[in-house]
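Here is the structure we will look at, set down as structure tokens.
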There are 2 protein chains.
Amino acid sequence: MSDGRLLEALFAPKRIALVGASDRPGSLGALLAANLASFPGEVLPVRAGESLRDLGVPVDLAVVAVPAAAAPQVAADAAAAGVTAMIVLSGGFAESGPDGALLQEEMLRAAAPEGGSRVRVVGPNCFGVQNCDLPLNASIARGTPVGGGGISVVSQSGAYGMAVHDLAHEEHVRFAKVCAPGNTSDVSVAELLEALGEDPATTTVCMLLESVADGRELMATARAVAARVPVFVLKTGRSEAGARAATSHTAALASSAAVWRGALHQAGLVEVRSGQELLDAARAVDGQPLPAGDRVAIITNSGGTGVELADLLADEGLAVPALSPALQERVRALLPAYASPVNPVDVTTAWSLFPTIYPALVDLLARSGEVDAVVAVLLQRSATDPATVQGVAAAVQALRADGVAVPVHVCWVAPRSADDLARELQGAGVPVLPWPPRAARALGLARRAARARDRLARGSAAPRTAPGSTPGPDVDVTDPEAAARLLRGFGVEVVASVECRTAEEAEQAASFPAVVKVGRAAHRTELDGVRLGLSDRAEVRAAAAELLLRSPTVLVSPQLAGVEVAVGAVRDPDFGPVVMVGAGGIWVETLDDTAFALAPLGLDDARELVAGLRIHAVLAGGRGQEPADLEALARLLVAAGDALVGLPDVAALDLNPVLVSAQAAVAVDWKLLPGGSSARVRDQW
Amino acid sequence: MSDGRLLEALFAPKRIALVGASDRPGSLGALLAANLASFPGEVLPVRAGESLRDLGVPVDLAVVAVPAAAAPQVAADAAAAGVTAMIVLSGGFAESGPDGALLQEEMLRAAAPEGGSRVRVVGPNCFGVQNCDLPLNASIARGTPVGGGGISVVSQSGAYGMAVHDLAHEEHVRFAKVCAPGNTSDVSVAELLEALGEDPATTTVCMLLESVADGRELMATARAVAARVPVFVLKTGRSEAGARAATSHTAALASSAAVWRGALHQAGLVEVRSGQELLDAARAVDGQPLPAGDRVAIITNSGGTGVELADLLADEGLAVPALSPALQERVRALLPAYASPVNPVDVTTAWSLFPTIYPALVDLLARSGEVDAVVAVLLQRSATDPATVQGVAAAVQALRADGVAVPVHVCWVAPRSADDLARELQGAGVPVLPWPPRAARALGLARRAARARDRLARGSAAPRTAPGSTPGPDVDVTDPEAAARLLRGFGVEVVASVECRTAEEAEQAASFPAVVKVGRAAHRTELDGVRLGLSDRAEVRAAAAELLLRSPTVLVSPQLAGVEVAVGAVRDPDFGPVVMVGAGGIWVETLDDTAFALAPLGLDDARELVAGLRIHAVLAGGRGQEPADLEALARLLVAAGDALVGLPDVAALDLNPVLVSAQAAVAVDWKLLPGGSSARVRDQW
């Protein structure tokens with residue numbers, strides 16, 4: 001449960017104090033005074049030389065615009081006056097160097113005096129907070145926010161706070177709550193996210209993350225929110241340069257983009273690649289149902305643009321199926337002769353008919369049962385005609401009123417002179433996405449949100465508790481036989497092998513075909529430390545003798561068949577134990593085909609991980625290959641995660657290859673790394 | 001060489017006749033009369049009831065706006081009057097059904113009377129032609145085109161003609177020539193492209209293709225144009241639904257998207273995914289040099305947006321490297337304390353310094369020699385400040401004047417109130433790309449254009465002539481031994497094998513380890529018709545005896561080692577002989593890892609094909625694997641193409657797998673398909 005008192009103070013305060021109020025044009029204090037003018041409650045100015053202590057009435061929220069050096073005193077005054085929360089918009093704190101960092105710490109200490117009441121702090125150095133419906137504009141974006149929508153935003157980048165404000169004013173995209181907490185000295189992203197998850201006005205959440213202190217906690221919160229509303233996430237710092245820049249101040253070790261991708265997916269969130277996609281996705285789902293399937297109908301007055309959009313929707317994994325003959329007949333009845341009723345439905349240049357054709361087609365296709373979404377391309381002549389645009393808006397509103405579960409989006413290509421019509425359409429609740437790439441991507445993201453929702457509803461990402469186990473203090477996890485015993489204890493199937501010190505022992509231990517390998521090595525193939533396909537005792541003896549020249553022991557095991565898969569588990573700096581699966585053997589680095597999930601993971605998580613790999617098609621069989629035992633592989637992934645969770649002194653485990661056959665998934669090479677070597681292991685993946 | 005007289009008539013006529021001139025508001029004739037009003041030459045109206053024959057002066061170009069039914073008479077009049085070319089903008093021709101198709105044919109016949117002078121026809125049902133510099137607006141886009149730029153467009157979609165016109169007016173993107181020939185009844189896309197290639201005003205070409213009659217001819221033309229200027233291409237109909245819609249009227253068999261991709265790449269063109277990308281790429285390279293390498297510097301006033309942009313540039317294969325310590329020192333001298341000089345260079349919120357910092361950084365970084373392109377993020381406060389925007393424009397113009405070969409692009413995120421500043425910047429020749437995804441993609445495409453230019457300059461895509469050869473009429477290409485002989489004749493290395501009719505023959509023929517397989521079969525692995533790893537005569541005999549129960553012969557060959565690669569060649573409906581290479585064996589369908597080139601192909605083409613595959617990393621060695629003989633594989637690809645070109649009665653050849661080892665690339669299974677089965681073969685890939 002979130003801190004209800006904090007949230008009420010932030011988003012629905014009764015009385016606000018503006019600390020640092022000023023009449024000086026261009027000052028932060030003057031900007032905030034103007035922004036708070038539309039607030040329906042009371043706003044008390046606290047000017048230079050005045051104090052929160054002297055107000056004489058209780059204040060829920062202090063909006064602070066004083067220079068950094070004055071902030072600790074303001075915090076102390078706020079605590080003394082019983083203020084619930086303060087939003088510090090000023091800069092000059094930790095982002096500006098060591099001196100600022102000291103001021104930030106001092107301010108936080110003053111806000112939580114020993115034995116006194118604590119003031120929660122949003123910021124400093126932040127965009128601030130908006131409750132667009134109230135309206136409350138405690139942010140640096142000039143003007144009054146436009147409410148009435150369900151999109152809420154929590155952003156670690158202030159730039160997108162500004163962009164959101166512009167979008168609302170310029171394109172009638174409607175927001176509920178916007179918060180960008182800047183340096184996040186106290187109130188965390190997870191707390192704000194939790195608040196939005198409980199906010200009835202919020203029906204869609206956008207999160208823009210740069211770096212977080214506790215990824216695992218944030219994902220747990222996000223998962224709960226995603227169970228109620230779609231959550232779209234941009235995590236920046238995916239690239240090397242991006243990560244370097246994102247962490248330049250903190251020098252924190254960043255989690256890899258692949259781990260983030262896995263964590264977001266597992267929590268039921270939808271990952272996007274840019275801030276624009278984030279806001280487009282929200283625009284697409286605000287007020288429209290999520291598409292329940294992959295089938296899309298396109299209505300267009302440009303054949304070429306219809307084709308282009310169909311291509312781009314295919315890139316999103318969506319389909320533009322031919323309509324049934326019966327439905328084509330009904331479509332044809334609305335169209336001029338020789339217009340195409342197949343899908344894309346091309347209404348051609350019958351301009352005078354657009355005001356009737358477009359709304360009628362939107363209605364017919366959305367109610368047809370043959371598609372899961374409708375995209376109306378409004379391009380030039382159709383977009384510049386008020387009757388057509390208004391007709392589409394009315395048709396969509398009728399569908400929503402009737403509870404038809406098929407969303408309608410508009411792909412817009414028109415001169416700026418038609419911007420007012422686009423705004424009108426968007427204001428009526430129809431998502432207007434400019435140009436085909438954004439339209440296709442937004443619908444693709446809406447569909448991903450539906451899939452994530454369905455997955456959470458199945459409970460497949462439900463957290464589970466791993467069985468605990470700790471090896472005795474005398475167990476050497478770098479000993480291959482000891483490691484195999486530990487892994488088997490968690491349910492990881494490991495090939496039977498015998499550690500031998502002489503060629504004669506090896507010969508005795510072998511069953512054929514046999515494998516002989518050096519006892520302990522990082523990458524055995526690289527070291528040429530593996531001898532495969534040994535078919536008799538002489539071959540085993542010769543191989544063992546050779547390998548024993550450079551290794552004190554060899555391992556002898558039966559040679560198994562199957563598709564090579566790599567499995568690993570490691571302690572991630574942000575997320576703790578995570579499991580990795582990917583193409584194995586020589587393919588591991590070649591195919592860039594790996595997927596991650598947080599451990600402990602459920603069997604459904606494990607199945608999803610495998611299903612998302614390129615090599616899934618190989619594992620699933622085809623061209624005469626028998627299907628591999630995917631369930632056994634899923635169980636092995638669960639067990640690998642359990643092992644890392646249950647062995648706190650192990651930094652990582654590496655099972656490569658695991659051979660997956662029609663009968664089993666067996667690790668034929670395995671390694672446990674003692675604590676402290678996480679980073680090194682991760683670099684190998 | 002293009003038809004100079006035609007081109008002069010289309011793009012630089014001295015006297016124009018407007019046939020179907022009208023005063024009726026809203027009519028096509030009235031629109032064209034208004035559009036032609038800015039034409040600096042003579043425009044003669046030909047109204048209803050009048051004829052081109054009666055003008056009494058020579059006319060270069062007839063712009064035709066009459067109903068389709070009247071078009072054949074207009075064409076006859078034009079031929080009689082000696083008109084060089086006509087642009088038919090009216091619809092109602094082949095696009096509207098059989099009656100219109102007849103009118104179109106009739107018009108074409110009338111335009112080329114036997115023994116008379118021929119009128120070349122652009123259209124019908126088209127957007128038309130613009131020469132923005134003249135200006136000549138013989139198109140349906142209202143107004144006077146804005147010239148002064150080097151971007152020329154040839155589009156099979158009229159919708160993008162309109163969009164181009166809007167972009168020029170609304171965002172100051174500058175075009176040279178725009179043509180959209182609609183039904184392309186006579187003057188072809190290739191002719192128009194050739195004209196643009198010879199036009200000194202054209203420095204960048206955008207092509208939007210839906211379907212073409214002769215892809216091979218178009219690619220030959222495009223290659224010549226690309227040797228002079230960057231050519232960007234959108235080919236729509238990549239997806240199944242897109243292809244269905246694009247070919248709905250013609251029922252033509254479409255070439256696959258993968259073949260198009262290979263053909264475009266081989267011709268030195270840059271493929272884009274949408275019309276917006278097409279125009280963004282042109283905007284990025286018009287007036288700016290192409291980036292000579294992958295290193296990009298980012299200047300930003302939003303840390304978060306800098307990180308986002310770095311991520312998106314990485315997605316494009318570009319790098320945002322840390323600057324050298326010496327350069328960081330120089331950058332730091334320009335910045336406020338604690339701003340980041342690393343790259344992205346984050347100027348923080350030092351608003352008052354923006355007008356000096358931004359231009360100085362643009363200049364410093366572009367001249368540093370450490371990066372190949374500079375992207376300045378102008379976001380909110382930096383974008384809304386005229387002095388900053390104008391300072392950036394001046395800095396870029398100074399770089400261009402000094403011949404500095406590093407392009408500067410602007411990534412723009414600002415409220416609409418700053419649109420005028422964006423236009424000013426774009427008008428000054430600085431590419432303004434809104435929001436990070438478009439900025440990153442445009443720079444990525446500019447870089448691809450540079451790579452294509454470099455490749456053409458190396459001559460690597462130079463067409464070559466394949467050696468000819470024809471099997472005697474008695475050769476059965478479905479006979480494996482005959483096929484092997486034919487393939488070897490073209491230089492394809494094929495494993496030595498012996499066709500045997502009895503198990504005893506097979507036993508005699510074997511060397512070990514041996515392979516025995518059924519004599520003729522489509523997919524031997526699927527049919528379980530291959531026995532691998534036979535280590536002695538008894539095993540060979542048993543395997544042969546078993547397989548001879550269901551095949552009249554078996555093939556016996558030595559078992560080779562190597563990475564499995566699939567190679568094929570097929571006659572494509574648009575391009576003729578094409579060669580395919582991809583991951584082989586069980587991976588062929590799994591990895592979606594195939595690449596195509598037109599045959600005959602050069603050795604450099606072949607090397608590039610292989611280098612672009614995912615499995616290239618496997619072939620190149622690593623993790624203890626010896627590198628495969630990539631040159632032998634390239635030679636085999638060239639030979640496979642030569643074989644299909646040289647064997648006109650063969651529809652396709654299939655070499656799968658080819659085993660590529662450190663020593664050789666050898667086809668161990670091979671098949672020639674007799675003529676007529678192209679489509680079937682292609683469907684298997």
Side-chain angles (χ1 to χ4, degrees), chain A residues 91 96-97 156-157 159 162-163 166 170 210 236-239 241-242 244-246 248 273-276 302-308 310-312 314 319-320 322 337-338 340 342 344 349 379-380 413 415-416 435-437 523 525-526 528 586-587 589-591 614-615 617-618 622-625, chain B residues 91 96-97 156-157 159 162-163 166 170 210 236-239 241-242 244-246 248 273-276 302-308 310-312 314 319-320 322 337-338 340 342 344 349 379-380 413 415-416 435-437 523 525-526 528 586-587 589-591 614-615 617-618 622-625:
Chain A
S96 71
Q156 286 190 308
S157 163
M162 299 298 284
D166 291 346
E170 295 174 355
E210 294 184 349
T236 61
R238 291 181 289 122
S239 65
R244 186 183 65 224
S248 60
R273 288 175 300 211
S274 73
Q276 189 171 51
S302 155
T305 307
V307 172
E308 181 188 342
D311 289 347
L312 293 165
V320 182
Y338 299 104
S340 172
V342 179
T349 54
L379 178 141
Q380 304 290 352
V413 184
R416 296 245 168 138
W435 293 67
H523 278 290
T525 309
E526 220 158 22
D528 190 26
I586 60 168
W587 300 94
E589 283 134 9
T590 306
L591 295 180
R614 291 176 184 281
I615 54 157
V618 172
R623 291 202 79 154
Q625 307 287 312
Chain B
S96 72
Q156 286 190 308
S157 162
M162 299 297 285
D166 290 346
E170 294 173 354
E210 293 182 348
T236 61
R238 292 182 288 121
S239 65
R244 186 182 65 225
S248 59
R273 288 175 301 212
S274 73
Q276 189 172 51
S302 155
T305 307
V307 172
E308 181 189 343
D311 290 346
L312 293 165
V320 181
Y338 298 104
S340 171
V342 178
T349 53
L379 178 141
Q380 302 293 351
V413 184
R416 297 243 169 138
W435 292 67
H523 278 290
T525 308
E526 223 159 18
D528 191 26
I586 59 169
W587 299 94
E589 283 134 8
T590 307
L591 296 178
R614 290 176 185 281
I615 54 156
V618 173
R623 292 202 79 154
Q625 305 288 311

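Of the two parts of A/S239, the backbone and the side chain both hold a non-hydrogen atom closer than 4.5 Å to a non-hydrogen atom of chain B. Neither the backbone nor the side chain of A/A319 comes within contact range of chain B, judged by heavy atoms closer than 4.5 Å. For a residue to count as touching a neighbouring chain, one of its non-hydrogen atoms must lie under 4.5 Å from one of that chain's; by this rule B/P436 touches chain A with the side chain only. Residue A/Q276 touches chain B through both its backbone and its side chain, counting heavy-atom pairs closer than 4.5 Å.
The CG atom of A/L379 sits 8.5 Å away from the CE atom of B/M162 when rounded to the nearest 0.5 Å. Atom-to-atom distance recorded for B/D311:CG and A/R273:CZ is 12.0 Å, nearest 0.5 angstrom. A distance of 5.5 Å separates CZ of B/R416 from CZ of A/R416, quoted to the nearest 0.5 Å.
Of the listed residues (A/G97, A/G303, A/A337), the one with the most heavy-atom contacts under 4.5 Å to chain B is A/G97. In terms of heavy-atom pairs under 4.5 Å with chain A, the best-connected choice from B/A159, B/S274, B/P344 is B/S274. For the options A/G275, A/G306, A/A314, A/G91, heavy-atom pairs under 4.5 Å to chain B are most numerous at A/G275.
Heavy atoms only, all atoms of each residue included: B/S157 and A/G304 are closest at OG-CA, 4.2 Å.
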### Message
Test side-chain contact (heavy atoms from CB on, under 4.5 Å) on A/R238 and B/V307; report intermediate values, then the result.
### Response
CA-CA 9 Å; A/R238 291 181 289 122; B/V307 172; over 6 Å; no
